[in-house]
Colleague: 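Let me begin by handing over the structure; questions about it come next.
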Amino acid sequence: MFEPRSRAYLSSPDAFEKEVLAAWKKANILQQTLEARADAEPFVFYEGPPTANGRPGIHHVLSRTLKDSVCRFQTMRGKRVMRKAGWDTHGLPVELEVEKQLGISGKPEIEKHGIGPFNEKCRHSVFTYKEEWEQVSDRIGYMLDYADPYVTFHKDYVESVWFLLSRFAKNDLLYRGSKVLPWCGRCGTGLSSHEVSQGYADIDDPSVWISFPLQNAPGDLAGAALVAWTTTPWTLPSNMGVCVHPEFEYAIVENDGKRFILLQSKAEGVFGEGNFEVVGTVTGKDLAGLSYEPLFQWEGGTVVQEGDKVHVVVVDDFVSDGDGTGMVHMAPYGADDFRIAQRDGLIATLAVGSEGRFLVDLAGVEAGTFFRDANKTLARDLKERGRLLKINQYRHSYPHCWRCDTPLLYFPSPAWFLRTTSFKEKMEAQNAKVKWSPPEIGEGRFGEWLSNNIDWALSRDRYWGTPLPVWVNEEDPEDWICLESYAELESLGGEQGENFDPHRPEVDDITFETPTPGKTGTMRRVPQVIDCWFDSGAMPYAQHHWPFENREFVAEQFPADFICEGIDQTRGWFYSLHAIAIFLTQMDEDLWKSGELWGEPLPRLEAGGAYRSVMVNGMILDKSGVKMSKRLGNIVNPAEAIAEHGADAIRWSFLTGGAAHLSRRYDDSGVSEARRRVLGTLSASYDFFALYARTENWDPSTERPALGDREAIDRWILSRCAEAGQESIQGWEDLLPNNAIRPLERFLVDELSNWYIRRCRRRFWGAEGEASQAAAFATLFEVLHASLRMMAPITPFLADALWKELTGSEESVHLQLFPETPESIDKPISEAMDPILRAASLGRAVRERVQIRVRQPLGKLVVHISNEKALSVSPRAYEDALVQELNVKQVEWIDGTPDFLEVEAKANFKSLGKRAGKNMKALASTIANMDRETVFKLQGGGTVEVDLAGEPFLLEGDDILLQTQSAEGMEAATDGYVTIGLVTELTPELECEGIAREILNRLQTQRKETGLEVSDRIRVRLHGDAPVRAAMEKHGAWIAKEALAPDGLHWVEAAVVTADGFQLWELPGNHHLQVALEKFSLKNA
RNA sequence: GGGCCAGUAGCUCAGUUGGUUAGAGCGUCCGCCUGAUAAGCGGGAGGUCAGAGGUUCAAGUCCUCUUUGGCCCA
């Protein structure tokens, strides 16, 4: 108990914290908090599963620190906070990593290698970095249960995901459609966006302007033709519509006797300058629904989208006015095109098939022609038929297959979708109830994304993922079923081998006869796996194998009170959690109707979303504001940073370094600053307490003086401590860590250490009497007791280590309650200290200006506080603090506004602005020019009527702000409502006392240099000039007492000082002093 | 190309509902203190609040545009 710790902490935070960590491990601290709060109200936290496929970076330290500090805070509020770890283990990143390991790449090579061995490799690869993740998380104090994590590839987890998907299917919200994907016709495979980005190359394509003559168009539009532009003529045979922007104004122009429609700004580029005449305009939306003459006549092809119309004008605001004509030719080979076709029911027919070759003979192009090779033939044909208005070469960057260099096409492939658009409004409504920190992410980024919601393209044509539990009848593609469990699979006759694993390829081999009455045929699973975002969004249920197990428990732990991830998760985890929860709890009425499932009770999950509040954190950039990347080599390794600074310093600087959601720069020097300035100060404050508690044998169990019996400054620091605590609670509850921590920093550094302890030091060694000492000990103990608990969520290591020393208890600070003592708040007491702090600062500034060091006592300090009457507690209670801080003999408090003070009145814009309105400026100058008497009258509580633009205007005391400017006859300074004057005249007495203080200073310095302890008694011999001698004679007793020289000071003659052991000191004013000192003992006394 | 966010001192960041001295820490210069001492404290200098326009008696704060950077999506 009361061992000093700051030296150990500051010199080696890493070793210091590891010791704390070991104690936590030994005591199983997480378990302890849960047991201690077994019956407490739960605070539900969901851990977003990291991909264990890459190393943890410093940005992960940020979000883990945020999560941890909020959870620790809530635990200290008495809540039960479960913290189950989780791992996101499926998906493309894992596959890519394994491809790298195997030295293969792309789907054909994976299949050649074998899906089984490949997936086996994925399963193991996932945990390559698991240990590193756990170590870093553990080391930063992220309290999480790693013993029993949820893992998205585990059989139970997958089964829960299947169950959820089956619920979508049972509500008719799972459907098969097409999705346009980057596709290599030669390799016959889709490519991931990651692969596409590797293969961009410049390529020349024909750039063609095509006309689409309208049919049966009314008015000005009769006989006119739309003009569209494309660089992919091979898609023209598959044209299904022309898209215009609903808001654009299109020009109707005449050229060579024919009418065309396009953006006016684009007409010159097509027809040439002066070759056309604008004859009218039409708005995009007025063109909607018109039909036009098809470009080509042909039969066959593959219909990929059934519909009721084709070759019509549709509208959408994806159309831009950049390249082209403001009109877009639409074919099924484009993602936007396909989306609109689905929305508007256009028939989509492919002329080019999945191998990149034409499927039919048309317009001189033979079936089997490679898609790009048809461009010229098609262009010639169109030109001959007058449908091609212009052709250019166009060089642009185009994606190629990175494996075989073949230009890619975008190709519609079969895909499975969740009809999320059917509950878009519910998602938006629920989102409005979620507390977002910061709010603008929820309203803006996430809200925007929800309002533009499109159906969730769920399937992935990949290997390592949760297999889509959809089995299709080989004989009838419309006969399909989405399974809800392994049991159902088995009951249908799908045989599962021993140690069944639901992954590909094992699951692909399981077939059964169709259960549909009246149908025959073998049911075979579709080849796809699902988007791994669905996996992670399923975690509230799947982490506990719901609804197969833990139905009650999940109902209690749903929804989350709090989640916290990076801003990049907006459209990832935040969305998948939200969408699944809203479907499950608000759309799936059938599931909840009976209150049972499979004959067992099914407690209802609260209808709503998956989370009540979200804290979003920004990215971490390097110290120059550049994103960290392997390529640039500017990645900060968390382990190294922690080894250097310790986790607490990093946690502190992350939690305070700017608003959590903004991207911020990682600054190494900022971290060491936090360590020194804040954590160093806190530990030094504790050390100070511990040092004197030990030497004075102070015991926390002795009765402590009542609050009313303590000094004003004690009540002040206790009040401030309680205020800081209340602000901190508010900040944490608002999910604004900055607001929680800034008041603490101010309190600990400025108020506790730099003012309270500094001003009260003497009290601790009893220099101000026993009562004062007892009050000081009690106060500082109580303040530290609260402060360490307030710091515990932020810097869990240091707080716990100091807590155990302070309390002498083995019980961790993390099992305590957060201090909440609003009853100790005394606003008037807190406010009354402010003018004192200002006066002290002004006094130091004046001393600096007049070059009189603080050691030199001065006669008088004059203080004027212009709003003193408004303070219900007089700052005069703190007079002692000023006397000591500024080393003056006397403080004179000035009432009213005496003549020697110059005052200036200023308008209070805040109170006058609304009343004065336009005349505010005139009023301000009237007030500035008011004479002293008027000002005093107002200040004394009276009212004054002034003339304002010819109208009388009534002023009250609150309408002016008084500033004192300077004082005559002394060195003065002003800060707002506080003015001080310092009488700088040095009387012989003051000079003498100044010398005495210089002597004491030299004695103490020499004591330290000699290697003596601060509490060692010393024997002093000294010699000096006449003023030194005078000072010694007058103040010798005082010096001896302060310097702990029990037998006084021994004056020696000049002759003696030539001997060894005397040190020569120069004092200000050309005085000199020679001192010899040694440890005092009875022998040499 | 679209959506969202940000740009305040040399650096990292605060800045409440618009209100007249725009703050803090670090760095820098100068100084102080010494019974927290391999610490600590203070003072000074340093800002046309990214740029332009607008609303208002009053704009770092509200609106519009431009510009730079970040995140996500095409």
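Here is the naming used below: chain letters follow the sequence lines, and residue numbers restart at 1 for every chain.
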Colleague: Give me the distance, rounded to whole Å, that separates B:rC57 from B:rG51 when you measure between the C1' atoms they each carry.
Modeller: 26 Å

Colleague: Which value, in whole Å, describes the distance between the P atoms of nucleotides B:rA52 and B:rU16?
Modeller: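 My reading of the P atoms in B:rA52 and B:rU16 gives 23 Å.
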
Colleague: Between which residue ranges does RNA chain B form stems of three or more consecutive Watson-Crick or G-U wobble pairs, both distances under 3.5 Å?
Modeller: B:1-7 with B:67-73, B:10-13 with B:23-26, B:28-32 with B:40-44, B:50-54 with B:62-66

Colleague: Main chain of A:Pro4, side chain of A:Arg694: is a donor-acceptor contact present, judged purely on distance under 3.5 Å?
Modeller: no

Colleague: Using atom C1' in both nucleotides, what's the gap between B:rG27 and B:rU68 to the nearest angstrom?
Modeller: 26 Å

Colleague: Across nucleotides 39-44 of chain B, 5' to 3', mark each nucleotide with B, S or - according to how protein heavy atoms within less than 4.0 Å reach it.
Modeller: -SSBS-

Colleague: Where the side chain of A:Arg7 is concerned, which of B:rA38, B:rA36, B:rC32 is the nearest nucleotide?
Modeller: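 Nucleotide nearest to A:Arg7's side chain: B:rA38.
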
Colleague: Would you say the ring centers of A:Tyr410 and A:Tyr333 fall short of 6.0 Å from each other?
Modeller: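 Ring centres of A:Tyr333 and A:Tyr410 not closer than 6.0 Å.
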
Colleague: Polar-atom pairs under 3.5 Å, protein N or O versus N or O of nucleotides 16-20 of chain B: list them with distances, or write none.
Modeller:
{"from": "B:rU17", "atom 1": "O4", "to": "A:Lys910", "atom 2": "NZ", "distance (Å)": "2.9"}
{"from": "B:rG19", "atom 1": "O2'", "to": "A:Lys910", "atom 2": "N", "distance (Å)": "3.4"}

Colleague: Measure from CG on A:Leu655 to C1' on B:rA14 and round the result to the nearest Å.
Modeller: 16 Å

Colleague: If I take atom CD in residue A:Gln856 and atom P in nucleotide B:rC33, what distance separates them, rounded to the nearest angstrom?
Modeller: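 Whole-Å distance recorded here is 11 Å.
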
Colleague: Looking at A:Arg762 and A:Glu768, is any side-chain nitrogen of the basic one under 4.0 Å from a carboxylate oxygen of the acidic one?
Modeller: yes

Colleague: For B:rG35 and A:Gln1004 - does any side-chain N or O of the residue sit under 4.0 Å from the phosphate oxygens OP1/OP2?
Modeller: yes

Colleague: For atom C1', what is the distance between B:rC49 and B:rG23, given to the nearest Å?
Modeller: 12 Å

Colleague: Suppose we call two aromatic rings close when their centres sit under 6.0 Å apart. Are A:Trp765 and A:Tyr692 close by that rule?
Modeller: yes

Colleague: Output yes when A:Glu727 and A:Arg742 qualify as a salt bridge under the 4.0 Å nitrogen-oxygen rule, no when they do not.
Modeller: no

Colleague: Looking only at atom P, what distance separates B:rA9 and B:rU64, rounded to whole Å?
Modeller: 24 Å

Colleague: With heavy atoms under 4.0 Å as the rule, sort A:Tyr692 into base, sugar-phosphate or nothing.
Modeller: base

Colleague: Is A:Ser437 reaching over with its side chain to a backbone N or O of A:Met615, donor-acceptor style, under 3.5 angstrom?
Modeller: no

Colleague: Send over the distance from A:Trp449 CH2 to B:rC72 P, rounded to a whole Å.
Modeller: 13 Å

Colleague: To the nearest Å, how far apart are A:Arg915 CZ and B:rA58 C1'?
Modeller: 16 Å

Colleague: Taking atom P in both B:rG46 and B:rG53, compute the distance separating them and give it to the nearest angstrom.
Modeller: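 Those two atoms are separated by 26 Å.
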
Colleague: Would you kindly give the CZ-to-P distance between A:Arg746 and B:rA24, to the nearest whole Å?
Modeller: 12 Å

Colleague: If you measure from the Lys or Arg side-chain nitrogens to the Asp or Glu carboxylate oxygens, is any gap between A:Arg7 and A:Asp687 under 4.0 Å?
Modeller: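 Not counted as a salt bridge, because no side-chain N and carboxylate O are separated by less than 4.0 Å.
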
Colleague: Between A:Lys1079 (side chain only) and A:Leu1012 (backbone N and O only), is there a donor and an acceptor less than 3.5 Å apart?
Modeller: no

Colleague: Which part of the nucleic acid, if any, lies within reach of A:Ser11 when heavy atoms closer than 4.0 Å are counted: base, sugar-phosphate only, or nothing?
Modeller: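 Nothing, no nucleic acid heavy atom in range.
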
Colleague: In whole Å, what separates the P atom of B:rU8 from that of B:rG47?
Modeller: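 Those two atoms are separated by 15 Å.
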
Colleague: On RNA chain B, compare the nucleotides closest to A:Arg855 and A:Ile757; which residue's is nearer the 5' end?
Modeller: A:Arg855

Colleague: So, do A:Trp533 and A:Tyr575 have ring centers that fall under 6.0 Å from each other?
Modeller: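 Judged by ring-centre distance (under 6.0 Å), A:Trp533 and A:Tyr575 do not meet the cut-off.
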
Colleague: Check whether any side-chain N or O of A:Arg1017 sits under 3.5 Å from a backbone N or O of A:Phe1080 as a donor-acceptor pair, and report yes or no.
Modeller: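 Side chain of A:Arg1017 to backbone of A:Phe1080: no pair is present.
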
Colleague: So does A:Arg844 pair up with A:Glu848, basic N to acidic O under 4.0 Å?
Modeller: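 The answer is no: the pair does not qualify as a salt bridge.
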
Colleague: Run A:Glu885 and A:Trp755 through side-chain hydrogen bond (donor to acceptor under 3.5 Å, both in side chains) and show every step you take.
Modeller: CA-CA 10 Å; A:Glu885 181 71 14; A:Trp755 190 245; over 6 Å; no

Colleague: For nucleotides B:rC71 and B:rC13, find the distance between their P atoms and express it as a whole number of Å.
Modeller: 15 Å

